[in-house]
Student: 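What follows is a structure written as structure tokens; I'll ask about it next.
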Amino acid sequence: MCDDFSAGLRSRIPEDVPIVEGDIADTTALRGTFNTFGVTGVVHLSAKKATSESVDLPLHYYKENVTGLQSVFGAMVISSIDNFVYSSSAAVYGTPQSNPVKESEAFNPESPYGETKFVGEWLAKDLATSDALNWIALRYFNVAGAGSDDLGDNRVNNLIPMVFQAIEIGRRPRIFGADYPTLDGTCIRDYIHVVDLAEAHVAAVKKCEGG
Ligand SMILES: NC(=O)c1ccc[n+]([C@@H]2O[C@H](COP(=O)([O-])OP(=O)(O)OC[C@H]3O[C@@H](n4cnc5c(N)ncnc54)[C@H](O)[C@@H]3O)[C@@H](O)[C@H]2O)c1
């Protein structure tokens, strides 16, 4: 796996997984990594993902999420790697009009973050036209949970840890929105468990590889 550890924790990677520390913007280093490990497919999880931050720092988000992905694709093309699973986001739909949200729902991202994820899908689509690329984008909502106790989520930008942090210090968790058609006026959010999501990524990899 390749990570610059700007958000991830090295200590959480199992010992038998080779780690290459670096920025995905470094196409040359990525090519070296692909060649060294005989990589045949890429699962692309790297991104900056804080919606409100993306409104303040759109250039940063486009650089990380779009230019970064372009760099990954550049290295993949040169190394003839044609299997690609993309962690996209339900943010590409903005505020969906249907529930449950169908894949055919209109795209209407409402933040630079959502737009970068959408542009990433376009990039993959266009590359699949010009070159051989088997790709799947997974558009998911909020992720919660942990695969085991020692992998508990403690990042400040994720909702569940924020809620527990507030409760621990005796505060009411701050929930935005007061005029949704619910009992207390706050919105209903959908969550997917991280282990289900990991299994979905594995299934997508198998599908890309023709399995
Ligand atoms: N967490 C969610 O609720 C959620 C929902 C929908 C989509 N997603 C998408 O899933 C993916 C993973 O999300 P996450 O919650 O695990 O986020 P995260 O921030 O925990 O993980 C992103 C990883 O990418 C690494 N990274 C960031 N920039 C990098 C760079 N330039 N070079 C190399 N590594 C870099 C970080 O160090 C981190 O390990 C993201 O693409 C995100 O957009 C997440």
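Counting starts at 1 for both ligands and their atoms, in listed order.
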Student: Where is the tightest heavy-atom contact between S79 and N35, given as atom of each residue plus distance?
Tutor: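 The answer is OG-OD1, 3.9 Å.
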Student: Exactly one of H44, E121, R139, K117 should register a side chain to side chain donor-acceptor pair (under 3.5 Å) with S88. Which one does?
Tutor: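 Only one of H44, E121, R139, K117 forms a side chain to side chain donor-acceptor pair (under 3.5 Å) with S88, namely E121.
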Student: Short question: side chain of N65, backbone of K48 - any donor-acceptor pair under 3.5 Å?
Tutor: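 Present.
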Student: Testing the 3.5 Å rule here: is there a donor-acceptor pair between the side chains of E53 and Y61?
Tutor: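 E53 vs Y61: donor-acceptor pair found between side chains.
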Student: Please tabulate, one line per pair, the protein N or O atoms found under 3.5 Å from any N or O atom of ligand 1, giving the distance to one decimal.
Tutor:
from     : atom 1 : to   : atom 2 : distance (Å)
ligand 1 : 3 (O)  : V143 : N      : 3.0
ligand 1 : 10 (O) : Y140 : OH     : 2.8
ligand 1 : 15 (O) : K49  : NZ     : 2.7
ligand 1 : 26 (N) : D4   : OD1    : 3.4
ligand 1 : 28 (N) : K48  : NZ     : 2.7
ligand 1 : 31 (N) : D23  : OD1    : 3.0
ligand 1 : 31 (N) : E64  : OE1    : 2.9
ligand 1 : 32 (N) : I24  : N      : 3.1
ligand 1 : 34 (N) : D4   : N      : 3.1
ligand 1 : 34 (N) : D4   : OD1    : 3.3
ligand 1 : 37 (O) : D3   : OD1    : 2.6
ligand 1 : 37 (O) : D4   : OD1    : 3.4
ligand 1 : 37 (O) : S6   : N      : 3.2
ligand 1 : 37 (O) : A7   : N      : 2.9
ligand 1 : 37 (O) : G8   : N      : 2.9
ligand 1 : 39 (O) : D3   : OD1    : 3.3
ligand 1 : 39 (O) : D3   : OD2    : 2.5
ligand 1 : 39 (O) : G8   : N      : 3.2
ligand 1 : 41 (O) : L45  : O      : 2.8
ligand 1 : 41 (O) : K117 : NZ     : 2.8
ligand 1 : 43 (O) : Y113 : OH     : 2.6
ligand 1 : 43 (O) : K117 : NZ     : 3.0

Student: Hydrophobic clustering (ILVMFWY, side-chain heavy atoms < 4.5 Å, transitive) - are L45 and L138 grouped together?
Tutor: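 Yes, L138 and L45 fall within the same hydrophobic cluster.
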Student: Same cluster for V43 and L69 if Ile/Leu/Val/Met/Phe/Trp/Tyr side chains link at under 4.5 Å?
Tutor: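 Unlinked, V43 and L69 end up in two clusters.
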